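See below for the structure under consideration.
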There are 2 protein chains.
Amino acid sequence: MASATPRAGKTLTEKRSGGDGARQPGMTDVARLAGVSAQTVSRTLAGHPNVQPKTRAKVLAAVEQLGYRKNNAARVLSSGRSRTIGVVTLQTNFYSRANLTCGIETAAREAGYSVSTATTASLDTAAIEDAMTRLADQGVEGVILAVPLVHVSPRIEQLTRSVPTITVDGSRTPATEVVAVDQSLAARLATRHLIELGHENIWHVAGPGEWLDASSRCAGWRDTLEAEGLPVPPVLEGDWTPASGYRNGLILGKIPDVTAVFVASDEMAFGVIRALHELGRKVPEDISVVGVDDIDLAEYCSPSLTTVAQPFAEMGALAVAHLMRHVADPDAAPAPASVEPKLIVRASTGRVRGAAG
Amino acid sequence: MASATPRAGKTLTEKRSGGDGARQPGMTDVARLAGVSAQTVSRTLAGHPNVQPKTRAKVLAAVEQLGYRKNNAARVLSSGRSRTIGVVTLQTNFYSRANLTCGIETAAREAGYSVSTATTASLDTAAIEDAMTRLADQGVEGVILAVPLVHVSPRIEQLTRSVPTITVDGSRTPATEVVAVDQSLAARLATRHLIELGHENIWHVAGPGEWLDASSRCAGWRDTLEAEGLPVPPVLEGDWTPASGYRNGLILGKIPDVTAVFVASDEMAFGVIRALHELGRKVPEDISVVGVDDIDLAEYCSPSLTTVAQPFAEMGALAVAHLMRHVADPDAAPAPASVEPKLIVRASTGRVRGAAG
DNA sequence: ACACAGGATGTTATCGATGCCAATAGTGTG
DNA sequence: CACACTATTGGCATCGATAACATCCTGTGT
């Protein structure tokens with residue numbers, strides 16, 4: 001009986017052959033063709049310095065000829081490094097998400113890393129745990145948590161301890177660095193702008209309270225008003241959608257004294273403006289509106305939207321940079337980074353009616 | 001001399017220990033603790049039926065106790081299946097991209113697959129080749145090409161042959177299935193709607209000519225006009241951005257006879273409307289505007305935008321379904337799928353002025 | 001009661017690349 | 001001219017899980 005060994009060899013062949021007998025060439029195949037050892041092939045491909053140009057050329061030629069491609073799984077298994085980072089985002093198609101992941105992807109690629117995404121439908125601790133677990137199981141070297149964490153569950157805590165994690169615009173966990181836009185500053189810029197235009201009754205349509213950036217913006221708005229000795233009206237809360245902005249706009253438009261609104265996102269601001277329009281209150285003549293994000297459309301609605309721009313792409317790059325540093329040296333001290341937002345004045349804000357020119 | 005073997009053992013330990021001596025438990029550790037073989041652990045975790053409940057329980061308990069997690073790289077290497085699919089998209093933050101990837105991610109997860117993304121900055125053949133190569137090197141089992149391919153280079157051809165590929169809304173390659181929205185229908189719906197409102201001079205602001213969906217929409221618009229015996233005005237071309245819509249809107253607004261415009265995307269439509277507004281031409285009283293996409297904001301601008309909705313999320317799911325089928329049976333005959341868009345009438349279109357009521 | 005089918009579990013080889021160490025070749029110095 | 005030293009290259013074990021094969025054990029039919 002030609003039992004175990006030969007049979008295993010045959011099995012191998014069958015496994016690889018997708019039906020046509022061809023097999024992906026391996027490093028050994030390349031090595032044989034080039035007349036060197038597999039090890040030398042590995043070194044050549046890894047860009048190791050100590051390889052003679054002549055040898056390198058031979059190897060590269062063989063690689064070319066066979067159409068050889070490195071097997072990623074094997075490389076990962078053997079080296080223990082996956083060269084992949086994971087990104088956790090919300091499933092919603094917010095402008096910010098699209099831009100952020102874009103910046104992350106680009107920066108990661110430049111650092112020689114791949115990106116694996118895991119989205120979560122909700123801010124549920126369980127859902128986020130699940131997303132992070134999926135990434136961890138995939139063997140990512142680090143994770144960028146682009147969701148606003150409210151509670152940090154023990155499980156998440158544990159995960160962030162075993163996998164370097166950077167939180168973007170979220171709450172800070174003990175083991176996590178945070179890269180964030182200074183949301184409080186964004187709110188102050190917007191509110192101050194309105195105050196400078198003479199407004200004294202400035203309302204706020206906020207994002208969901210569970211979101212850190214929503215509450216930061218709210219706080220920034222409140223602080224600015226209080227610092228100026230202006231009244232702080234009740235907060236209206238939306239869910240980031242234009243529809244929620246619209247609903248709140250309908251409420252706002254019926255309140256006589258309101259002359260300005262700081263809305264926590266451009267999308268909601270669109271809804272607010274729409275509602276005000278329907279109620280016959282003109283923007284900016286009757287009411288000034290400021291948004292946050294500077295989405296592409298902000299400049300092209302009527303009136304064009306005054307807003308606070310957030311450098312999403314740069315944030316993505318920054319997050320990757322921090323993550324790389326953290327991956328390289330897990331013991332490095334966390335260095336939270338914050339990026340400054342920028343006020344962009346357009347046509348949706350104006351001097352309060354009747355105010356001194 | 002305790003030479004080679006022991007030393008290698010030590011190396012291992014050092015490699016794993018991230019400084020604290022703890023090591024990720026492996027399958028053998030679990031097996032030892034549960035008092036079974038590694039194979040049984042594997043079977044249990046793979047949900048293999050032939051495992052006694054008692055044994056399964058022991059294994060699961062051991063897994064739990066050690067906090068064991070399967071090593072993905074090892075699994076992939078040994079099984080030859082990565083359970084990962086790749087998605088190639090453009091870096092631009094178009095609404096469609098965000099929604100599509102969302103649908104893909106969700107569907108993939110439900111099918112037990114992970115998603116790895118690769119974005120390309122341009123439609124360059126080289127850039128797309130690069131993105132696909134990155135994914136292929138990562139060992140994805142299939143690829144969803146969510147970019148509109150113009151030319152299919154030999155290299156891409158070759159890649160699609162070795163990796164099951166589904167193209168979304170792109171041109172059809174020999175080895176590729178296509179899942180697409182019927183863009184021509186979208187254009188016909190929009191154009192017919194305008195015709196029914198009495199418009200006879202219907203212009204079109206198209207997307208970039210290299211994009212298949214742009215040219216399909218353009219063709220659908222042209223065909224409909226010709227079928228009705230209406231004049232076919234010159235095509236204005238934009239680049240999907242609101243800014244390009246604005247530029248074309250400025251041109252359109254100065255042409256006296258124009259009473260309706262079919263714009264190839266909502267974002268451009270916003271720009272067009274904005275320009276018309278600035279020129280003092282009212283929408284829809286003077287000019288009716290129809291967009292395509294039904295972005296979230298379409299309903300909340302003034303006037304709310306009549307548009308043709310595209311079921312992006314469903315398309316993503318459909319693409320994944322087709323890909324899974326293709327991965328399971330690479331020899332299956334391609335079955336192109338097409339999804340129907342839906343006209344959504346809002347306030348940016350109206351009867352042509354002076355037309356019979 | 002015995003043989004046999006079939007379920008449950010263990011054993012072995014292997015996936016493909018890399019890290020460490022050994023071996024060899026080539027260079028410079030006293 | 002010998003020795004030390006370094007630049008190159010090869011050999012071996014190994015990462016952790018799985019497929020195929022071998023084995024053992026239990027229940028059932030005649």
Side-chain angles (χ1 to χ4, degrees), chain A residues 1-16 23-32 34-56 58-59 63 68-83 137 139, chain B residues 1-16 23-32 34-56 58-59 63 68-83 137 139:
Chain A
M1 276 68 127
S3 61
T5 312
R7 196 156 301 197
K10 181 180 231 167
T11 301
L12 158 63
T13 307
E14 283 171 0
K15 188 180 186 178
R16 295 280 134 214
R23 206 192 79 198
Q24 293 290 338
M27 207 167 243
T28 23
D29 300 303
V30 175
R32 197 176 318 120
V36 299
S37 76
Q39 191 49 227
T40 301
V41 175
S42 174
R43 272 189 283 254
T44 303
L45 267 37
H48 190 101
N50 291 352
V51 178
Q52 273 206 325
K54 208 177 70 181
T55 311
R56 179 184 308 268
K58 274 193 303 188
V59 170
V63 165
Y68 167 77
R69 315 248 84 211
K70 248 195 274 208
N71 179 315
N72 190 49
R75 185 232 305 265
V76 172
L77 177 57
S78 147
S79 71
R81 309 213 45 191
S82 66
R83 299 239 137 221
D137 282 356
Chain B
M1 276 63 113
S3 64
T5 311
R7 197 162 290 208
K10 183 182 228 168
T11 301
L12 159 64
T13 307
E14 283 171 359
K15 187 178 184 178
R16 296 280 133 214
R23 206 193 78 195
Q24 291 291 335
M27 206 167 244
T28 19
D29 299 302
V30 175
R32 197 176 318 122
V36 298
S37 76
Q39 188 53 225
T40 302
V41 175
S42 173
R43 271 190 284 254
T44 304
L45 266 38
H48 190 100
N50 291 353
V51 178
Q52 273 205 328
K54 206 178 71 182
T55 311
R56 179 184 309 268
K58 271 193 306 188
V59 170
V63 165
Y68 167 76
R69 315 249 83 212
K70 249 198 273 209
N71 178 314
N72 191 48
R75 185 232 304 264
V76 172
L77 177 59
S78 138
S79 71
R81 310 213 47 193
S82 65
R83 299 238 139 223
D137 282 356

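Below, read A as the first sequence line, B as the second, and so on, with proteins coming before strands; counting in each chain starts at 1. Basis for what follows: all heavy atoms, side chains included, without hydrogens, waters or symmetry-related copies. Predicted model only: the values in this text are computed from it and were never measured.
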Return the value, rounded to whole Å, for the distance between atom [atom1] of [X] and atom [atom2] of [N].
{"X": "Arg81(B)", "N": "dA17(D)", "atom1": "CZ", "atom2": "C1'", "result": "15 Å"}
{"X": "Gln24(B)", "N": "dT14(D)", "atom1": "CD", "atom2": "P", "result": "20 Å"}
{"X": "Met27(A)", "N": "dG19(C)", "atom1": "CE", "atom2": "P", "result": "10 Å"}
{"X": "Asp29(A)", "N": "dC15(C)", "atom1": "CG", "atom2": "P", "result": "11 Å"}
{"X": "Gln39(A)", "N": "dA22(C)", "atom1": "CD", "atom2": "P", "result": "15 Å"}
{"X": "Arg83(B)", "N": "dT18(D)", "atom1": "CZ", "atom2": "C1'", "result": "14 Å"}
{"X": "Arg32(A)", "N": "dA17(C)", "atom1": "CZ", "atom2": "C1'", "result": "15 Å"}
{"X": "Leu77(A)", "N": "dG16(D)", "atom1": "CG", "atom2": "P", "result": "7 Å"}

How far apart are the closest heavy atoms of [X] and [Y], and which atoms are they?
{"X": "Val76(A)", "Y": "Ala73(B)", "value": "CG1-CB, 3.4 Å"}
{"X": "Ser37(B)", "Y": "Ala31(B)", "value": "C-CB, 3.6 Å"}
{"X": "Met27(A)", "Y": "Lys70(A)", "value": "CE-CG, 4.5 Å"}

Which atom pairs link the protein and nucleotides 5-9 of chain D when you take only N or O atoms and keep those under 3.5 Å?
{"unit_1": "dT8(D)", "atom_1": "OP2", "unit_2": "Asn50(A)", "atom_2": "OD1", "d": "3.3"}
{"unit_1": "dT9(D)", "atom_1": "OP1", "unit_2": "Thr55(A)", "atom_2": "OG1", "d": "2.3"}
{"unit_1": "dT9(D)", "atom_1": "OP2", "unit_2": "Gln52(A)", "atom_2": "N", "d": "3.1"}

Would you find a donor on one side and an acceptor on the other, under 3.5 Å apart, between the side chain of Ser42(A) and the backbone of Ala38(A)?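 Between the backbone of Ala38(A) and the side chain of Ser42(A) there is no qualifying donor-acceptor contact (under 3.5 Å).
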
How long is the straight-line distance from CG of Asn72(A) back to CZ of Arg83(A), given to the nearest 0.5 Å?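 The CG atom of Asn72(A) is 11.0 Å from CZ of Arg83(A), to the nearest 0.5 Å.
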
Does Ser42(B) make a side-chain N or O approach to OP1 or OP2 of dA17(D) shorter than 4.0 Å?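 Indeed not, no polar side-chain atom of Ser42(B) lies that close.
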
When you check the phosphate oxygens OP1 and OP2 of dT18(C), does a side-chain N or O of Lys70(A) lie under 4.0 Å from one of them?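 Lys70(A) to dT18(C) OP1/OP2: side-chain N or O found under 4.0 Å.
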
Do Val59(B) and Leu45(B) come close enough that some side-chain heavy atom pair is under 4.5 Å?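 Yes, side chains in contact.
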
Sub-4.5 Å side-chain heavy-atom contact between Val30(A) and Val63(A):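 Yes; the side chains approach each other to less than 4.5 Å.
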
Of the nucleotides dT18(D), dG16(D), dG16(C), which one has an atom closest to the side chain of Ala74(B)?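 Of the options given, the side chain of Ala74(B) lies nearest dG16(D).
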
Ignoring the backbone of Asn71(B), work out which of dG16(D), dT11(C), dG11(D) is nearest its side chain.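 Among dG16(D), dT11(C), dG11(D), the one nearest the side chain of Asn71(B) is dG16(D).
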
